[in-house]
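Here is the structure we will look at.
Atom set for the values below is all heavy atoms of this structure, side chains included, hydrogens, waters and symmetry mates excluded.
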Amino acid sequence: MSFDSLGLQAELLRAVGEEGYTAPTPIQCQAIPVVLEGRDVLAGAQTGTGKTAAFTLPMLQRLAAQRVEGRRRIRVLVLVPTRELAAQVAGDIETYGRYLPQLKAAVIFGGVSINPQIATLRRGVDILVATPGRLLDHAQQRTVDLSAVEILVLDEADRMLDMGFIRDIRKVIALLPRQRQNLLFSATFSDEIRALAGGLLSEPVQIEVARRNTPAELVTQVVHPVDRGRKRELLSRLMQEGDWRQVLVFTRTKHGANRLAQQLERDGISAAAIHGNKSQGARTKALADFKAGAVRALVATEVAARGLDIDQLPHVVNFELPHVPEDYVHRIGRTGRAGSEGEAVSLVCVDEHRLLADIERLLGRRIPRRAVNGFEPDPSIRAEPIEQGRRGGVAARPRAQGGRERHGRRSRGAGAGRQRICP
Ligand code: AMP
């Protein structure tokens, strides 16, 4: 399936092409045509499935197709649980809509001054991305007018309910015109979500894409505490002693991936690096060698691994923890095929304790620590900031200096509390 066959207009296809997307993801294949038709949608899709483009692309097309004369009014409202997601979605709208400059989008969330938001709203926007609480603040102050909304998107609805936004959501819905298109995206379907969907959606098309991630519970997870300078040595030891034959190793940076692959080779472990700076040919070869067993360790940056057609593996190693906790879940989802053993191993140095705590908060549980004999961390070593110092034996490169990987998720938007470091 190609993007061309989904019925999207040239301006959107151009933007998508420039993002380096070659084919739509399953949720995009299913959602784009029905959203274009104007139908309501109930979609089960997690982060990482391409869900944002699945609603953004057709929504932009619908707006562009019907010009409204007169004052610019809010025609699409996207409700999201967090300011990070708000900034991310707004960034995506900007990216995909870059050749439809007639459409204006804005983002509002709490925790920042309301006045610039009021000024932005006053100038007029077509698409508003908002967290529910701040949106209601604006509604109370009459600084937002939702009476012309044509499309409502609830993104990560389950998280919004988990965060206690149900009443706010209902209040917002009460401010919208009755006649509108509704799109509800949720990773899970609790009774509460179904109740919300039941009252909100009219004859929805239900779309469920296969979970991209093996639920964390099915994967054996372990943290090996280790000093930052000894990670490579520990990885070689684990691979050799455990006779691991096919290991996907995650690093945070492209440079780190290259370096680690070379070091593993020197340790006698066949390895290849795969990331956005490699040509398609080099990536394809590395992957083929890995699948054929000629390469034991495939060292990848997160975003490069996302595009890889490798299914489930016996071992996934986090050589460095990701900055975004959700990425941990994506990574470990590469292991643990139903019924077979899968192990996700994280090599965690003192610099990464905060990242580990964030991940455990997301998982809702603690990952067992197991120090490996001879690799117990030296308690005298102090934590260093990951962005500026060295981490995991790999030179860090702050995002500002780094390029963006073509197929990758970006660290987007002002207000994102945690900056994602691009590999
Ligand atoms: P999302 O599930 O919306 O958070 O998207 C996850 C990531 O996938 C985003 O960084 C998108 O840039 C990327 N993405 C979305 N659609 C595609 C596609 N068709 N091909 C490759 N990457 C994509």
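Here Arg194 pairs with nothing under the salt bridge (Lys or Arg N to Asp or Glu O under 4.0 Å) rule; sequence neighbours left out. A search for salt bridge (Lys or Arg N to Asp or Glu O under 4.0 Å) contacts involving Arg369 returns Glu360, not counting sequence neighbours. The salt bridge (Lys or Arg N to Asp or Glu O under 4.0 Å) check on Glu241 picks up Arg237, with sequence neighbours excluded. Residues that satisfy the side chain to side chain donor-acceptor pair (under 3.5 Å) test with Asp267, not counting sequence neighbours, are Arg232, Ser236. Legend: residues meeting salt bridge (Lys or Arg N to Asp or Glu O under 4.0 Å) with Glu376, ordered by chain and number and at least two apart, are absent. Applying the ring pair (Phe, Tyr, Trp, His ring centres under 6.0 Å) rule to Phe185 yields the partners Phe55; only residues at least two apart in sequence or on another chain are considered. Legend: residues meeting side chain to side chain donor-acceptor pair (under 3.5 Å) with Thr52, ordered by chain and number and at least two apart, are absent. Partners of Arg75 according to the side chain to side chain donor-acceptor pair (under 3.5 Å) rule, which considers only residues two or more places apart in sequence or in another chain, are Glu150. Scanning for side chain to side chain donor-acceptor pair (under 3.5 Å) contacts around Asp227 gives an empty result, with sequence neighbours left out. The side chain to side chain contact (heavy atoms under 4.5 Å, CB included) search around Pro204 returns Asp40, Leu42, Leu201, not counting sequence neighbours.
Within 6.0 Å of CD in Gln102 there are more than 12 heavy atoms belonging to other residues, nucleotides or ligands. Counting heavy-atom neighbours within 6.0 Å of Asp243 CG, excluding the residue itself, gives a total above 12.
The two residues Gln28 and Ala53 make their nearest non-hydrogen contact at NE2-CB, 3.4 Å. Across all their heavy atoms, Gly7 and Leu36 have their closest contact at O-CD1, 3.6 Å.
Taking the charged nitrogens against the carboxylate oxygens, Arg159 and Asp162 have no contact shorter than 4.0 Å, which rules out a salt bridge. Electrostatic pairing of Asp358 and Arg354 counts as a salt bridge here, judged by a charged N lying under 4.0 Å from a carboxylate O.
Side-chain contact between Val34 and Ile207 is present, with heavy atoms from C-beta onward closer than 4.5 Å. At a threshold of 4.5 Å between non-hydrogen side-chain atoms, the residues Ser346 and Ile367 do not count as touching. The shortest distance between side-chain heavy atoms of Gln117 and Val144 does not fall below 4.5 Å. Counting heavy atoms from C-beta on, the side chains of Glu156 and Met160 never come closer than 4.5 Å. By the 4.5 Å heavy-atom criterion applied to side chains, Leu235 and Ile269 are not counted as neighbours. Taking the side chain as every heavy atom from C-beta outward, Arg83 and Arg134 never approach each other to under 4.5 Å. At a threshold of 4.5 Å between non-hydrogen side-chain atoms, the residues Tyr328 and Leu362 do not count as touching. Side-chain atoms of Pro322 and Leu355, non-hydrogen and from C-beta on, never get closer than 4.5 Å to each other.
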Next item on the list: Show your reasoning for whether side-chain contact (heavy atoms from CB on, under 4.5 Å) applies to Val345 and Val247.
Entry: CA-CA 10 Å; Val345 173; Val247 188; over 6 Å; no
Checklist line | Working for side-chain contact (heavy atoms from CB on, under 4.5 Å), residues Leu77 and Leu135 | finding: CA-CA 10 Å; Leu77 174 64; Leu135 181 62; 3.8 Å; yes
Next item on the list: Check step by step if side-chain contact (heavy atoms from CB on, under 4.5 Å) holds for Val16 and Glu19.
Entry: CA-CA 5 Å; Val16 160; Glu19 284 304 288; 5.6 Å; no
Check: side-chain contact (heavy atoms from CB on, under 4.5 Å) between Arg228 and Ile381: does it pass, once the steps are laid out?
Finding: CA-CA 9 Å; Arg228 76 175 78 80; Ile381 295 179; 3.9 Å; yes
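The distance from the CG atom of Leu154 to the CD1 atom of Ile169 is 5.5 Å, given to the nearest 0.5 Å. One distance of note links CG of Leu313 with CG of Leu248; it measures 6.0 Å at 0.5 Å rounding.
With hydrogens and angles ignored, the 3.5 Å screen pairs no side-chain donor or acceptor of Lys254 with any backbone N or O of Asn277. Looking only at distances, a side-chain donor or acceptor of Arg39 sits under 3.5 Å from a matching main-chain atom of Glu203. The backbone N or O of Arg296 lies less than 3.5 Å from a partner atom in the side chain of Ser270, making a donor-acceptor pair. Within the 3.5 Å criterion, the main-chain N or O of Phe189 finds no donor-acceptor partner in the side chain of Ser186. Looking only at distances, no side-chain donor or acceptor of Glu192 sits under 3.5 Å from a matching main-chain atom of Leu161. Distance alone, capped at 3.5 Å, is enough to place a donor-acceptor pair between the Gln181 side chain and the Val35 backbone. Of the possible polar contacts, one joining the Gln61 side chain to the Gln9 backbone as a donor-acceptor pair under 3.5 Å is found. A donor-acceptor pair is defined here as one N or O able to donate and one able to accept, closer than 3.5 Å; no such pair exists between the side chain of Glu233 and the backbone of Arg230. In this structure, Glu352 contributes its side chain and Glu320 its backbone to no donor-acceptor pair below 3.5 Å.
No side-chain donor from either of Asp4 and Ser2 sits under 3.5 Å from a side-chain acceptor of the other. Residues Thr188 and Asp158 bring a donor and an acceptor atom of their side chains to less than 3.5 Å of each other.
Each of Thr251, Asn258, Thr253, Thr301 was scored for a side chain to side chain donor-acceptor pair (under 3.5 Å) with His275, with one residue passing: Asn258.
Listed by first and then second residue, the ring-ring contact (aromatic ring centres under 6.0 Å, His included) pairs involving residues 224-247 are Trp244-His315 (not counting sequence neighbours).
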Determine all donor-acceptor pairs shorter than 3.5 Å in which one atom belongs to a side chain in residues 125-132; sequence neighbours excluded.
unit_1	atom_1	unit_2	atom_2	d
Asp126	OD2	Arg72	NH1	2.5
Asp126	OD2	Lys104	N	2.7

